[in-house]
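For the numbers below, each heavy atom of this structure counts, side chains included, while hydrogens, waters and symmetry mates do not. Along the sequence shown, residues carry numbers from 1.
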Amino acid sequence: MNSEYLLRLNIPPGLEEDIVDLLLGSDRISGYQSYPTRGHGQVGAMSIAEQVAGRRNRVQFEIVLDANVLDTVLSELREAFPVRDVIYWVLPVLQSGRLSDL
């Protein structure tokens, strides 16, 4: 069984600072990546301008977590952000580490 998982969060930009605050304040998360991205699909969830453009701005976070804290982190996120527009994926991490100890 895998001991690490990649939690990928896809959120509306308006929640970015609040998510950052939660992640930085968590003792279960040692670090993460975030970057701007675009969402395509689910036209009903898009504004008229987004529908015309065919995409909407999003922010994506990638967090590698130990298996024993994954459910706790997801529960904390659900409690703090009970909104439908926060989407997540959980993927197994086959291997992780640093290329050098230097």
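- Between Gln60 and Glu62 there is a side-chain heavy-atom pair separated by less than 4.5 Å.
- Taking OG1 from Thr37 and OH from Tyr35, the interatomic distance works out to 6.5 Å, rounded to the nearest 0.5 Å.
- Distance check: Phe61 CZ to Leu77 CG gives 10.0 Å after rounding to the nearest 0.5 Å.
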Please report, to 0.1 Å, the donor-acceptor pairs under 3.5 Å made by any side chain of residues 22-32, with sequence neighbours excluded.
residue : atom : partner : partner atom : Å
Ser26   : OG   : Arg28   : N            : 3.1
Arg28   : NH1  : Glu76   : OE2          : 2.7

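- Within a 6.0 Å radius of CD in Gln33, other residues, nucleotides and ligands contribute 12 heavy atoms or fewer.
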Pair up each side-chain donor or acceptor in residues 86-93 with any protein partner under 3.5 Å, not counting sequence neighbours, and list the distances.
residue : atom : partner : partner atom : Å
Tyr88   : OH   : Arg78   : NH2          : 2.7

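- Distance check: Ile11 CD1 to Ile19 CD1 gives 4.5 Å after rounding to the nearest 0.5 Å.
- Arg58 approaches Pro12 most closely through the heavy-atom pair NH1-N, 3.4 Å.
- For the pair Asp85/Leu15, no side-chain contact is recorded, criterion being any heavy-atom separation below 4.5 Å from C-beta on.
- At least one side-chain heavy atom of Asn57 sits less than 4.5 Å from a side-chain heavy atom of Arg38.
- Here CD1 of Ile63 is found 10.0 Å from CG of Leu70. Values are rounded to the nearest 0.5 Å.
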